[in-house]
Protein chains: 2
Amino acid sequence: MSSRSINSATVKITDVAAAAGVAPMTVSRVINTPERVSADTAQRVREAIERLGYVPNLIAGGLSSRRSRMIAAIVPTVASPMFSAPVQTFTDVLGEAGYHVMLGLSGYGQDGEDALIRAVLTRRPDGMLLTGASHSEAVRRLLRDAGVPVVEIWDTSDTPTDMLVGFDHAELGGAVADYFHAQGHTDFAVLAASDPRAAARREGFVRRVRQHGGHLVAERTLPAPSGIMDGRLALRDIAGDLGPRTALFGSSDNVAFGVITEAMRLGIAVPQRLAVCGFGDFEISRSSEPPFTTVSVDGAEMGRVAAANLLARMRGATVPHRVLVPFRIICRASA
Amino acid sequence: MSSRSINSATVKITDVAAAAGVAPMTVSRVINTPERVSADTAQRVREAIERLGYVPNLIAGGLSSRRSRMIAAIVPTVASPMFSAPVQTFTDVLGEAGYHVMLGLSGYGQDGEDALIRAVLTRRPDGMLLTGASHSEAVRRLLRDAGVPVVEIWDTSDTPTDMLVGFDHAELGGAVADYFHAQGHTDFAVLAASDPRAAARREGFVRRVRQHGGHLVAERTLPAPSGIMDGRLALRDIAGDLGPRTALFGSSDNVAFGVITEAMRLGIAVPQRLAVCGFGDFEISRSSEPPFTTVSVDGAEMGRVAAANLLARMRGATVPHRVLVPFRIICRASA
DNA sequence: TTGTAGGCGTTATCAG
DNA sequence: CTGATAACGCCTACAA
């Protein structure tokens with residue numbers, strides 16, 4: 001026997017079985033399908049489990065059953081509520097169904113995601129959550145070959161990899177332009193992070209502004225993810241281009257907060273000279289002074305639906321390939 | 001043969017071996033210890049892997065090698081930079097060493113953590129990161145029995161479960177009191193979330209205030225995790241108790257920002273009538289107007305050191321049982 | 001440097 | 001309801 005047995009303390013299913021006077025398979029049933037075991041057998045087995053301190057080995061179980069009971073979730077970052085909210089509910093819902101979620105942080109960049117997906121497939125996830133809807137063809141093939149159910153969130157596409165729960169960022173940007181237009185604005189500005197979804201929001205905004213015959217007085221690209229200071233610096237940068245009344249769309253609430261903060265410092269009246277709309281409905285949009293207008297997307301709900309669809313799919317049910325969740329403009333003091 | 005073979009498409013190591021004309025073990029070596037394989041054999045094997053689209057099965061590998069190459073990290077939440085920063089660097093460092101990190105979100109509560117640890121042990125992690133240093137005796141025994149290396153972060157203890165990389169919250173609170181005292185303050189207030197570490201910071205602060213003969217004019221417990229609005233409401237609540245010059249310590253930068261925001265609204269001059277110090281050195285402390293004084297702990301560094309120690313330990317090296325990382329007060333406009 | 005033998009701990013499957 | 005048997009796909013250990 002090998003030196004592995006140094007750690008001889010590890011209790012395995014056969015030990016429990018012996019202690020309870022049953023076959024290993026019965027112990028397995030007590031753990032996984034207790035309804036198929038008689039009450040007192042189950043009781044005896046549970047006592048043995050407790051007494052020996054048995055911790056089942058899901059690695060072995062997974063190899064045998066070909067189900068890892070693990071779902072991989074890949075998001076750019078969890079440092080933003082944008083992604084931490086859906087991840088949280090996604091994890092909760094799946095947890096209750098007996099799945100663990102393995103989180104992968106891809107950063108903002110194609111390469112990171114590709115490598116991560118490849119790496120995580122190595123653990124044979126039973127399902128997968130991906131952020132965004134544009135993935136390399138290599139990845140899509142990989143996922144298809146692996147036969148892993150996939151939910152994409154936070155974006156939309158006419159050709160989802162598999163299932164999708166998201167919304168249209170360009171449409172959202174357009175809605176913000178409409179909102180400003182309805183308030184009589186004719187001069188617009190937009191500050192957007194360089195990631196693909198922020199870019200889509202900006203493009204939707206700009207397109208609609210043009211359709212309304214509006215004038216785009218300033219447009220800047222910020223790093224992704226962008227923060228408060230990026231918003232402040234950007235406003236300082238474009239302050240000279242502002243007309244007597246400009247409507248600004250920021251790609252996140254952090255950016256919008258930075259803009260408002262800097263506007264106050266520069267003596268630019270919000271919303272009189274500068275109307276501001278953010279994105280995300282983060283805590284700060286609601287709790288800072290003044291609270292500011294933003295676009296809310298229910299990330300938590302997105303996570304829940306994504307989890308529910310994945311579960312349904314794994315149960316063999318048919319699931320809609322695309323679910324669009326609503327966004328709505330939350331009107332507060334800044335616009 | 002069973003119906004499992006329905007999914008006959010799955011390429012396994014034997015398929016690659018056959019295609020490359022070598023033994024399975026050689027393929028394994030090409031993947032895990034390429035330096036032990038001749039260059040051209042390796043080349044041939046890699047081509048076969050590529051051609052067949054082979055994705056190694058870590059579940060099988062893990063069962064066989066008794067190494068999951070997975071590290072479990074358990075933190076209360078990832079919605080706060082307090083924890084997302086160390087998690088990020090921890091994940092990065094371990095990722096480069098070939099480990100995946102499985103993140104568990106325990107919330108603020110003992111039960112959540114206990115259950116999570118139990119659940120995750122089921123996957124036989126090679127190591128584990130825990131937040132805080134006080135865990136139930138049951139959990140400590142479980143971890144010891146499992147023989148899993150454990151690093152605790154974000155707190156300190158005389159009796160770490162295994163390894164620890166953290167700091168002393170009470171001492172930190174004391175340092176803030178000293179800082180205020182050195183500025184001549186005699187009236188103090190403290191707002192602290194109800195989690196154990198925020199409570200420790202508060203206690204350290206209060207104790208030192210007393211030692212300095214200071215007067216504690218207000219003290220409130222906030223929900224955990226606490227946000228901007230909690231800070232605003234708390235300030236409104238205690239505004240009447242404030243003297244002509246009070247020094248307030250908030251348990252997080254969110255709370256401190258809320259306090260400052262509300263102070264401005266109420267016409268309480270910061271720092272003249274109300275000096276404020278937060279905790280965390282979050283982006284907002286630096287980027288809001290005015291930027292405010294806070295205590296910085298290098299969470300990213302903590303994550304890096306935790307990862308490095310875990311790796312060293314898994315390599316069999318001896319690792320210090322306790323590493324304390326420094327904190328420092330960042331003096332800005334609010335105090 | 002490469003190969004062979006056997007087992008890692010669990011569960012699917014089929015029989016009783 | 002319970003048990004016996006044979007995989008699951010890979011890697012450790014040892015041999016060549």
Side-chain angles (χ1 to χ4, degrees), chain A residues 1-18 20-45 48-49 52 54-70 98 121-124 126 146, chain B residues 1-18 20-45 49 52 54-69 98 121-124 126 146:
Chain A
M1 170 140 312
S2 70
S3 61
R4 289 174 178 185
S5 56
I6 284 177
N7 188 5
S8 58
T10 312
V11 178
K12 52 188 76 160
I13 204 170
T14 51
D15 300 323
V16 175
V22 298
M25 197 53 227
T26 299
V27 178
S28 174
R29 289 195 183 100
V30 169
I31 293 167
N32 299 305
T33 53
E35 69 279 8
R36 294 188 186 179
V37 180
S38 79
D40 45 321
T41 305
Q43 184 52 31
R44 226 171 347 123
V45 170
I49 288 177
L52 301 183
Y54 172 59
V55 179
N57 184 332
L58 266 200
I59 295 197
L63 178 59
S64 181
S65 66
R66 288 159 154 270
R67 291 184 52 223
S68 61
R69 303 198 210 179
M70 187 273 281
L121 280 177
T122 247
R123 293 189 188 274
R124 300 296 187 264
D126 292 336
Chain B
M1 167 141 311
S2 71
S3 62
R4 289 175 179 187
S5 57
I6 285 177
N7 188 7
S8 57
T10 311
V11 179
K12 54 188 75 160
I13 204 170
T14 51
D15 300 323
V16 176
V22 299
M25 197 51 230
T26 299
V27 177
S28 173
R29 289 195 183 99
V30 170
I31 294 168
N32 299 305
T33 53
E35 69 279 9
R36 295 188 185 181
V37 179
S38 79
D40 45 321
T41 304
Q43 184 54 30
R44 225 170 350 122
V45 170
I49 288 177
L52 301 183
Y54 172 59
V55 178
N57 184 333
L58 264 201
I59 294 196
L63 179 59
S64 181
S65 66
R66 289 157 154 266
R67 292 185 49 221
S68 61
R69 301 196 209 182
L121 280 177
T122 248
R123 294 189 188 274
R124 300 296 187 263
D126 292 336

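Every chain is numbered from 1 and lettered A, B, ... according to where its sequence line falls, protein lines coming before strand lines.
- One interatomic measurement links the two molecules: CD1 of A:Ile59 to C1' of D:dG9, which rounds to 13 Å at whole-angstrom precision.
- Scored by the side chain to side chain donor-acceptor pair (under 3.5 Å) test, B:Arg69 finds B:Asn32 as partners (sequence neighbours excluded).
- Between the CG atom of A:Asp15 and the P atom of C:dG9 there is a distance of 9 Å, given to the nearest Å.
- In this structure, the side chain of B:Arg66 does not engage the main chain of B:Leu63 through any donor-acceptor pair within 3.5 Å.
- Taking every side-chain heavy atom of B:Ile13 into account, D:dC10 is the closest of C:dT10, D:dC10, C:dA12.
- Side-chain nitrogen and oxygen atoms of B:Arg66 include at least one within less than 4.0 Å of the OP1 or OP2 phosphate oxygen of C:dG9.
- Residue A:Tyr54 places at least one side-chain N or O under 4.0 Å from the OP1 or OP2 atom of C:dT10.
- Rounding to whole angstrom units, CZ of residue B:Arg69 and C1' of D:dC10 are separated by 11 Å.
- Listed in residue order, the members of residues 28-43 of chain A having a heavy atom less than 4.0 Å from DNA chain C are A:Ser28, A:Arg29, A:Asn32.
- The interatomic distance linking A:Met25 (CE) with C:dA12 (P) rounds to 6 Å, in whole Å.
- The heavy-atom pair separating B:Ala17 from B:Ala23 by the smallest distance is CB-C, 3.7 Å.
- Note: CG (B:Asn57) to P (D:dC11) measures 9 Å, nearest angstrom.
- A:Val16 is not listed as a side-chain neighbour of A:Val30, based on a closest heavy-atom distance of 4.5 Å or more.
- Interface remark: the A:Ser65 side chain does not form any donor-acceptor pair with the C:dT11 base, using a distance-only criterion of under 3.5 Å.
- Mapping A:Ala60 and B:Val27 onto DNA chain D via the closest heavy atom, the residue that lands nearer the 5' end is A:Ala60.
- Taking atom CZ of residue A:Arg44 and atom C1' of nucleotide D:dT2, one finds them 11 Å apart after rounding to whole Å.
- Put simply, B:Thr26 has no side-chain N or O that comes within less than 4.0 Å of OP1 or OP2 on C:dT1.
- Side chain of B:Ser64, nearest nucleotide from C:dG9, D:dC11, D:dA4: D:dC11.
- Taking CG of A:Asn57 as the reference point, atom OG of B:Ser68 lies at 9.5 Å (rounded to 0.5 Å).
- In terms of the side chain to side chain contact (heavy atoms under 4.5 Å, CB included) criterion, residue partners of A:Thr122 (sequence neighbours excluded) are, by chain and number, B:Val55, B:Pro56, B:Leu58, B:His100.
- Residues passing the side chain to side chain contact (heavy atoms under 4.5 Å, CB included) test with B:Ala20 are B:Val22, B:Val45, B:Ala48, sequence neighbours excluded.
- No donor-acceptor pair under 3.5 Å is formed between the side chain of A:Ser64 and the backbone N or O of A:Ala60.
- The distance from atom CG of B:Asp126 to atom P of D:dC11 is 14 Å, rounded to the nearest whole Å.
- One finds the CD1 atom of B:Ile59 at 8.5 Å from the CZ atom of A:Arg123 (value rounded to the nearest 0.5 Å).
- Atom CG in B:Leu63 sits about 4 Å away from atom C1' in C:dC8, given to the nearest Å.
- With sequence neighbours excluded, no residue satisfies side chain to side chain donor-acceptor pair (under 3.5 Å) with B:Arg36.
- Rounded to 10°, the angle separating the first-five-pair axis and the last-five-pair axis of the helix from C:dT1-D:dA16 to C:dG16-D:dC1 equals 20°.
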